[in-house]
Amino acid sequence: MAERSYFDWNATAPLRPEAAEAVRAALALAGNPSSVHAEGRAARRLVEDAREQVAALVGARPGDVVFTSSGTEANMLALTPAIQTAAERRPRDKLLISAIEHVSVRTGGRFVPDAVVDVAVDGDGRVDLEALTQALAAASRPLVSIMLANNETGVVQPIAAAAAIVHAAGGLLHVDAVQGAGRIACDIDALGADLLTLSAHKIGGPKGVGALVRAREDIHFPEPLIRGGGQERGLRAGTENVAGIAAFGAAAAVARHQGPAEAGRMRALRDALEAGLKGIAPGLTIFGAAAERLPNTTLFGAPGLKAETAVIAFDLEGIAVSSGAACSSGKVQPSHVLAAMGFSAPLSRGAVRVSLGWTSSETDVERFLNAWTKLATALSKGQAAA
Ligand code: PLP
């Protein structure tokens, strides 16, 4: 295949070499981590080492990490009315979520739809803390879910400030940190999160592994999603995905050590890409540009730009980007994130997301800008809007 530039890291990141090596080593082991013999203990060691590595990425204790099959499952495990703390054993009455959450949170977990309340965001894509305060006042024992950073715009949410408000109202805060972890600071205590969701494949681990992390021992999950053999302290039955978990741990360790340096490099490349984008098509909108954003993400739109057309045009030029809008059953729907930020459907339907990662290079940015020059020229002649 001709050389390509992969700019869809928010969809998934390539496997880090250290994670690939961890998979290979784990697959060579025969044991079941629940077995007491030497083979079983060797497998158990991989799982527990990974638990330490994942915990270290977010400043948690290993015993507070529950491995799941995905970020989606971790969100589902967290979002239950039955979540209890030592101080509050009655069911949570409301789930408050920001209007820009990932669909796995928007579906409300195990809350009935009537108990789920959307909290508005401002025009820059940040959760509105005044709206949060008002929504909390209408709930008795709320669980709140706000993402660390948005997957479409990259806008970083004011989690520490939200946590203070949620806790003052007697609520619990769950943070979907799937896009933020490994890219920006994500210490569970500094954020003030009670629960945190992670997904391996966004940080260079394999797809199909995630984790729910709790801040303290006194937070209990009385309702496992999967019952059976009692693995993961009864919270997630089923023989552990040893290779996936070991690779998640390896990726977390690399992200912890290299994340800050990689973020600085990505930010410089992303800023150069944005400067080029705007220079080529001055009427361009970069969504959420006034807010703090992930260092790797750009979501842009331009009058007449259609995301489906643009994604295919970039693909033909050897560049993988994605449409910012949700695409289901072949139809591109206007993004709920951009709608919540107040953007019109025609502009948001055209939104294109470019997300970078640790292998992105200046050559990739150049290739992208060359392709964008062609596309913007076609657009100005009215061709790309077809
Ligand atoms: N939360 C956010 C913010 C995401 O971007 C994603 C995946 O795109 C998920 C949750 C789901 O994670 P997973 O793919 O591991 O189910």
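Model, not experiment: these values are computed from the prediction. Every number for a ligand or one of its atoms is a count from 1 in the order of the listing.
- Salt-bridge formation is detected for the pair R293/E274: a Lys NZ or Arg NE/NH1/NH2 atom is positioned less than 4.0 Å from an Asp or Glu carboxylate oxygen.
- For R51 and E232, the salt-bridge test passes: some basic side-chain N is under 4.0 Å from an acidic carboxylate O.
- The nearest protein atom to atom 13 (P) of ligand 1, hydrogens excluded, is given as G71 N, 3.5 Å; this is a heavy-atom distance.
- Ring pair F314/F368 is parallel by interplanar angle, where below 30° counts as parallel and above 60° as perpendicular.
- Here the heavy atom of the protein found nearest to atom 1 (N) of ligand 1 is D176 OD2, 2.6 Å.
- Of all protein heavy atoms, the one closest to atom 11 (C) of ligand 1 is T72 OG1, 3.5 Å.
- Ion pairing between R256 and E18 fails under the 4.0 Å rule for side-chain N and carboxylate O.
- Residue-ligand proximity, M147 to ligand 1, at heavy-atom distances under 4.0 Å covers atoms 3 (C).
- Short contacts between ligand 1 and S70, defined as distances under 4.0 Å to a heavy atom of the residue, involve ligand atoms 15 (O), 16 (O).
- Near N151, meaning under 4.0 Å from any of its heavy atoms, are these atoms of ligand 1: 3 (C), 5 (O).
- With hydrogens left out, the protein atom closest to atom 5 (O) of ligand 1 is Q179 NE2, 2.8 Å, a heavy atom.
- Annotation: F287 is not in aromatic contact with F300 [ring centroid separation under 6.0 Å not met].
- If you check each of H102, K207, K202, H201 against atom 14 (O) of ligand 1, the one with the closest non-hydrogen atom is H201.
- A salt bridge between R44 and E48 is present, with a side-chain N of the basic residue lying under 4.0 Å from a carboxylate O of the acidic one.
- When each of L79, I146, D194 is tested with H174 by the rule side-chain contact (heavy atoms from CB on, under 4.5 Å), just one qualifies, namely L79.
- Looking at S104 next to ligand 1, no N or O pair under 3.5 Å apart turns up.
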